[in-house]
Amino acid sequence: MTRKERYAFVLDYFKQHAPNAETELIYDNPYQLLVAVILSAQCTDKRVNMTTPAIFEEYPDVEALSHATFDELFPLIRSISYPNNKTKHLIGMAKMVVDKFHGEIPMTVEELVELPGVGRKTANVITSVVDNQPNMAVDTHVFRVAARIGLTLNATTPLATEKQLLEFIPKELVHIAHHWLILHGRYICIARTPKCDECGLKPVCKYYQKNVKPGVKAIG
DNA sequence: ATCCCGAGGG
DNA sequence: CCCTCTGGAT
């Protein structure tokens, strides 16, 4: 099976078995999405959604957030992973947007990654969701799932995974494919003990062939 | 115990 | 490349 055929099989499978999201980040504009995505690292969307309403009420735009002090913002983020870092990142991000980008959230990956707390994954999410740019955000789910089902070959970094996926996925499907991979990784192809019995991708899955398939010795 | 749509610094 | 940050749900 060629890699092209493998991609065709996977994309066709997801088209017919589109995974459903239980919770997603709630936002009304690019500013709110950026804040929510920065907060979402190592944290469930559900918990992010519990904290953002208070943040958006207190700081309705980047200008307001740029004037926040650490002690004001920290309590609103306290219940999320890495509250110290995220508080600093949010304020630093807002200050830079105001000072360097005239109060407008920049909409290129190169500019976005200049912002504190914004790495390549977050920049790809913002540009693809807000501006419909065909960019692929590679988080832990996309990285793991792509490797398991053979969409990537010897990809050891998120950037390598991103490039290989973009090479084979049609531009108009990049956005939805990203969502499919995320949700498949979150609910079926989970990190520890993937639910292979619920997965129709077994025929192309290297992980299944190697570690789960009956009669084949597990490697770990 | 282990997992959640990572980023920054060494 | 590695490590740290760091809270809540299951």
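Convention: sequence-line order gives letters A, B, ...; per-chain numbering from 1.
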- Task: By nearest nucleotide on DNA chain C, pick out whichever of A:T156 and A:Q42 is the more 5' one.
- Result: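 Final value for this comparison: A:T156.
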So, OP1 or OP2 of [N]: does either fall under 4.0 Å of a side-chain N or O from [X]?
X: A:R186; N: B:dC4; answer: no
X: A:H178; N: B:dC5; answer: no
X: A:T122; N: B:dA7; answer: yes
X: A:R78; N: C:dG7; answer: yes

I'd like to check [X] versus [Y] (side-chain heavy atoms, cut-off strictly below 4.5 Å). Are they in contact?
X: A:Y207; Y: A:I149; result: no
X: A:T122; Y: A:L34; result: yes
X: A:S128; Y: A:M136; result: no

- Query: Start at the 5' end of DNA chain B and walk down; is the nucleotide closest to A:H89 or to A:S40 reached first?
  - Reply: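 Nearer the 5' end of the strand: A:S40.
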- Query: Start at the 5' end of DNA chain B and walk down; is the nucleotide closest to A:L115 or to A:L25 reached first?
  - Reply: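 This one resolves to A:L25.
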Checking contacts here: which listed nucleotide ([options]) is nearest the side-chain heavy atoms of [X]?
X: A:N84; options: B:dA7, C:dG7, C:dC5; result: C:dC5
X: A:S79; options: B:dC4, C:dT6, C:dG8; result: C:dG8
X: A:R47; options: B:dC4, C:dG8, B:dG6; result: C:dG8
X: A:S81; options: C:dT6, B:dC5, C:dC5; result: C:dT6

- Item | P atoms of B:dC5 and C:dC5, separation to the nearest Å |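 Per the computed distance, 23 Å lies between those P atoms.
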- Message: Say we look at B:dG10 and C:dT6: how far apart would their P atoms be, to the nearest angstrom?
- Response: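 Rounded to whole Å, the distance is 15 Å.
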- Item | Euclidean distance, atom CD of residue A:E162 to atom C1' of B:dG6 [Å, nearest integer] |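 To the nearest whole Å, that distance equals 14 Å.
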- Message: Would you say the base of B:dA7 stacks on A:Y82 (centre-to-centre below 5.5 Å, plane angle below 30°)?
- Response: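 No, aromatic ring not over the base.
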- Task: Salt-bridge test for A:E114 and A:K100: reply yes if a basic N is under 4.0 Å from a carboxylate O, no otherwise.
- Result: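 So A:E114 pairs with A:K100 through a salt bridge.
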- Would you call A:R186 and A:D45 a salt bridge, taking side-chain N to carboxylate O under 4.0 Å as the test?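 Salt bridge flag = yes for A:D45 with A:R186.
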